[in-house]
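Notes follow once the structure below has been shown.
This one's a predicted model, so the numbers in the text were calculated from it and none came from an experiment.
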Protein chains: 2
Amino acid sequence: MDTIETHPSIDLPYASPTLMLEDFLPYRLSVLSSTISRTLARLYERRFGITVGEWRVIANLARHGPLSANGVCDRSAMDKVQVSRAVAKAVDGGLIDRSIDPYDRRRSILTLTAKGRSVHDQVLPLAREYQDHLRTALDDEEHAQFLEMLSRLLMRASSPRYLDS
Amino acid sequence: MDTIETHPSIDLPYASPTLMLEDFLPYRLSVLSSTISRTLARLYERRFGITVGEWRVIANLARHGPLSANGVCDRSAMDKVQVSRAVAKAVDGGLIDRSIDPYDRRRSILTLTAKGRSVHDQVLPLAREYQDHLRTALDDEEHAQFLEMLSRLLMRASSPRYLDS
DNA sequence: TATTGTTATACTCTATAACTATA
DNA sequence: TATAGTTATAGAGTATAACAATA
């Protein structure tokens, strides 16, 4: 609703413009994303003892594996340190098998173990179920639009002008 | 590994369904939100030495202040520990004035200092500028739709069924 | 007893850089 | 010299609980 008065209230000696946090896009995104991430993180941790990072690695190996650590980086929005740690934990837990690429001994070859595949096959329906639960908030067209808008926003958010400075 | 014979594909000994991470809504939201949050956190920290938490408290006090710590909690999606720490840092930095409510001596009364107001007035246009930069990815109608979809998704994400368990 | 707010503790996450081994 | 990956370190954020003061 627009203001009726043409100038700020005389009660206030000084009233600078303010931010309605609940309409600030970064805030809104952050609240939604962290609510969802927390829920999923708990789901993965409680039921399967894995972190979100491990899940991302596992999901990528299930779909695209075998991959090197670098291959996982490229597909997971995780940097090499995050991948290294997630992989170490998953190898430790017997979910991932790590060997050395004989053609380039700096590279690793990561594959799911049977146990890792089994965890994947159990987590996947739960992840999908949660996504479907969220998606009941949107119809198919809206969902497509939403994803498309996320893409456009990400391109903007990743633009160099704002990434440093 | 489980059965081979019952699976249709000949090429793959075992191919369970997989998740295309890049189409998984929680993943997409997380990548976008963390890119944006990181950018803003750097902006606030580098130019003004404040955390995102402090900025949220400051923005709320500028708009709705004076508030108690609880009042800030209600409006900022932060819990009382986060608020307590953000307020302590801002009081320490001379941005917020903290006194005790004489009518309920458990409560604090938080107001911006002149310095806090000044920081607010400098951060605000930068925050808006960044939001506007993001918003060039969307037209006005899309932006309204986007915020509205975020609301619906948040209601879903906050539903009790998935918050614990 | 319940509420407001602070403090303690432990754990996760992130960012950066240094390091190794290989190429 | 460059790349793949690991390790080290410190800082920030998060969750939980315990706590003091007040109601």
Side-chain angles (χ1 to χ4, degrees), chain A residues 30-31 33-46 49-57 66-92 96-110 163-164, chain B residues 30-31 33-46 48-57 66-93 96-110 163-164:
Chain A
S30 161
V31 170
S33 176
S34 63
T35 300
I36 291 174
S37 293
R38 231 186 346 257
T39 302
L40 278 178
R42 269 194 296 234
L43 185 73
Y44 299 157
E45 157 61 30
R46 287 187 191 173
I50 61 174
T51 63
V52 173
E54 279 178 281
W55 167 243
R56 287 190 184 171
V57 175
L67 291 172
S68 67
N70 245 346
V72 174
C73 291
D74 294 343
R75 296 166 189 278
S76 66
M78 296 163 77
D79 67 29
K80 63 180 184 169
V81 176
Q82 288 174 300
V83 169
S84 174
R85 296 219 164 100
V87 166
K89 183 160 178 292
V91 168
D92 211 52
I96 288 179
D97 193 76
R98 174 168 45 190
S99 63
I100 293 173
D101 185 340
Y103 299 101
D104 181 345
R105 299 180 44 76
R106 296 171 306 180
R107 288 180 169 277
S108 56
I109 296 178
L110 306 170
L163 273 190
D164 297 299
Chain B
S30 161
V31 170
S33 175
S34 63
T35 301
I36 291 174
S37 293
R38 230 184 350 256
T39 302
L40 279 178
R42 268 194 297 235
L43 185 74
Y44 298 157
E45 158 61 30
R46 286 187 192 173
F48 303 97
I50 60 173
T51 63
V52 173
E54 279 177 282
W55 167 244
R56 286 189 184 172
V57 174
L67 290 172
S68 68
N70 245 345
V72 174
C73 292
D74 294 342
R75 296 165 189 279
S76 66
M78 298 163 76
D79 67 27
K80 63 179 185 170
V81 176
Q82 289 174 300
V83 168
S84 175
R85 296 221 162 97
V87 165
K89 184 160 177 293
V91 167
D92 211 51
I96 288 178
D97 193 76
R98 175 166 45 189
S99 62
I100 295 173
D101 184 339
Y103 299 101
D104 181 345
R105 297 179 46 77
R106 294 172 306 182
R107 288 179 169 275
S108 56
I109 296 179
L110 305 170
L163 274 190
D164 297 298

Show the numbers, then the answer: is there a side-chain contact (heavy atoms from CB on, under 4.5 Å) between B:V87 and B:L110? CA-CA 9 Å; B:V87 165; B:L110 305 170; 3.8 Å; yes

hbond_proxy B:R107 side chain to C:dT4 base (donor-acceptor, 3.5 Å cutoff): no

Does B:N70 have a side-chain nitrogen or oxygen under 4.0 Å from the phosphate oxygens OP1 or OP2 of C:dG5? yes

D:dG5, OP1 or OP2 - any side-chain N/O from A:S108 closer than 4.0 Å? yes

Distance check: side-chain N/O of A:Q82 vs OP1/OP2 of C:dT14, anything under 4.0 Å? yes

For A:V81, which contact category applies under a 4.0 Å heavy-atom criterion: base, sugar-phosphate, or nothing? base

Please report the distance, rounded to the nearest Å, between CD1 in A:I96 and P in D:dG5. 13 Å

May I have the distance from B:I50 (atom CD1) to D:dG11 (atom P), rounded to whole angstrom? 20 Å

Side-chain donor-acceptor contact under 3.5 Å, B:S68 with B:R106: no

On DNA chain C, does the nearest nucleotide to A:P102 precede the nearest nucleotide to B:D104 from the 5' side, or the other way round? Give the residue. B:D104

Using only heavy-atom distances, determine whether the side chains of B:S108 and B:R98 contain a donor-acceptor pair under 3.5 Å. no

Nearest-nucleotide comparison on DNA chain C, the residue closer to the 5′ end among A:T51 and B:R98: B:R98

So what does B:D79 hit on the nucleic acid, given a heavy-atom distance under 4.0 Å: a base, only sugar-phosphate, or nothing? nothing

Does B:R85 contact C:dA8 through a side-chain donor or acceptor facing the base, at a distance under 3.5 Å? yes

Distance, rounded to the nearest Å, where A:W55 contributes CH2 and C:dT12 contributes P: 20 Å

Report yes if a donor N or O on one partner sits less than 3.5 Å from an acceptor N or O on the other, where the partners are the side chain of A:R105 and the base of C:dT22; otherwise report no. no

Less than 3.5 Å apart, any donor N or O on the side chain of B:R107 or B:S99 sitting next to an acceptor on the other? no

On DNA chain D, nearest-nucleotide positions of A:S68 versus A:S34: which is more 5'? A:S68

With the side chain defined as heavy atoms from C-beta on, B:R106 is closest, among C:dT3, C:dT7, C:dT22, to C:dT3

